[in-house]
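The structure appears below as structure tokens.
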Amino acid sequence: MAPHSDIAAAAQALREGRLVAFPTETVYGLGADATDDAAVARVYAAKGRPSFNPLIAHVPDRESAFALGRFTPEAKALAEAFWPGPLSLVVPRAPSCPVSLLASAGLDSIAIRVPSHPMALELLSAAGRPIVAPSANPSGKISPTTADHVRRHLKDKVAIVLDGGRCKVGLESSVVSVLGDGPKLLRQGGVPRAEIERVLGHPIAVESHSARPHAPGQLLSHYAPHAEIRLNADAPREGEAYLGFGPLHAHGAWTLSAKGDLVEAAANLFRLLHEIDATGVARIAVAPVPHHGLGEAINDRLLRAAAPRESA
Ligand code: TXA
Ligand code: MG
């Protein structure tokens with residue numbers, strides 16, 4: 001844990017419009033004052049992010065969240081069930097919403113999240129205003145799950161990197177929109193779809209990938225390591241590194257989870273992709289991952305990592 005004084009300094013930097021990387025339970029975020037247009041613009045610039053891709057506003061509690069947007073009973077039920085935690089809700093902006101329009105990228109909706117990492121909550125309380133925070137990686141690259149990942153790729157772009165250890169969930173938040181035409185799952189993530197449906201009491205529509213996706217971050221090629229990725233591989237071929245699921249066999253040095261646990265696999269996914277990529281190998285073969293629970297989100301990220309590259 002960073003000492004209290006580090007968090008106070010980070011909150012001060014945020015209030016001055018500077019960028020601060022901080023841990024959440026999902027991945028590390030690249031934080032900026034959400035109410036400051038210039039600070040928000042700096043986030044897009046630091047990430048090299050297409051400007052049409054809106055950002056999530058992070059707040060320390062539900063009351064602060066409810067002040068930013070208009071929550072239907074279903075949106076409120078999801079907030080009560082999963083906040084603080086790995087869920088982002090996209091709702092219509094409240095008329096008085098102080099978040100920069102740039103953060104919404106021209107939409108009249110806003111994505112909001114209350115993270116559960118204690119250091120994130122402390123920082124958000126100390127900052128005293130909503131903080132936008134995309135994952136702290138260059139656009140299109142693998143999301144960071146340690147402070148070291150952030151330092152490696154964005155170091156000179158941020159004022160402070162708060163170190164809160166390894167992210168427990170390891171995958172970004174699930175993004176659900178509740179905009180009047182019923183809830184939609186825009187991004188699979190840290191809360192499995194089945195748990196969301198249990199709270200809603202009915203199945204949720206899943207927004208499929210398209211050229212102009214609803215959650216604009218859902219461009220097909222994303223989370224891309226330098227190495228090429230080959231999916232559903234039962235064994236590596238010549239020249240490939242192998243990322244397994246289940247006990248380590250003769251095949252290689254890496255497994256998402258030796259005991260075949262999807263929660264553990266989610267927590268390890270981005271870290272292991274970073275680690276294998278750092279060896280300089282040209283191709284990574286990945287074992288099949290069961291498609292239930294967090295496996296749906298893991299397979300979503302793997303599919304994107306394997307997709308033909310856009311300019312990123
Ligand atoms: O777990 C997370 O959500 C992490 C941590 C740092 O909180 N943040 C994160 O942010 O993953 P980012 O910017 O990498 O992804 C935000 C996603 C994108 O897919 C974006 O398109 C979508 O949320 N999004 C944001 N605002 C939206 C809106 N108003 N309507 C639809 N989608 C929105
Ligand atoms: Mg991201």
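In each ligand, atom 1 is the first atom listed, and ligand 1 is the first ligand listed. Side-chain atoms are counted along with the backbone in the values below, which use heavy atoms only and exclude waters and symmetry mates.
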- Item | Distance-only N or O hit between ligand 1 and Asn53, under 3.5 Å | yes
- Message: Check for me whether Ser109 has a heavy atom closer than 4.0 Å to any atom of ligand 1.
- Response: yes
- Going by distance only, is there an N or O of Arg113 that falls short of 3.5 Å from an N or O of ligand 1? yes
- Query: At a 4.0 Å threshold, what atoms of ligand 1 neighbour a non-hydrogen atom of Gly29?
  - Reply: 6 (C)
- Item | salt bridge (charged side-chain N to carboxylate O under 4.0 Å, His left out) pairs, two or more places apart, involving residues 79-93 | Arg62-Glu80
- Task: Specify whether an N/O/S atom of Ser135 falls short of 2.8 Å from the Mg ion (ligand 2).
- Result: yes
- Run the numbers for me: atoms of ligand 1, each under 4.0 Å from some heavy atom of Leu186, listed by number. 31 (C), 32 (N)
- Query: How are the rings of Phe66 and Trp83 set relative to one another: parallel (under 30°), tilted (30 to 60°) or perpendicular (over 60°)?
  - Reply: tilted
- Query: When you measure from atom 10 (O) of ligand 1 to each heavy atom in Pro134, Gly189, Pro144, which option holds the nearest one?
  - Reply: Pro134
- What atoms in ligand 1 come closer than 4.0 Å to a heavy atom of Leu107? 28 (C), 29 (N), 30 (N)
- Query: Who passes side-chain contact (heavy atoms from CB on, under 4.5 Å) against Val263, sequence neighbours left out?
  - Reply: Asp261, Leu294
- Item | Subset of ligand 1 atoms that lie under 4.0 Å from at least one heavy atom of Ala111 | 25 (C), 26 (N), 27 (C)
- For atom 30 (N) of ligand 1, which candidate among Leu55, Val176, Val90, Asp108 provides the closest heavy atom? Val90
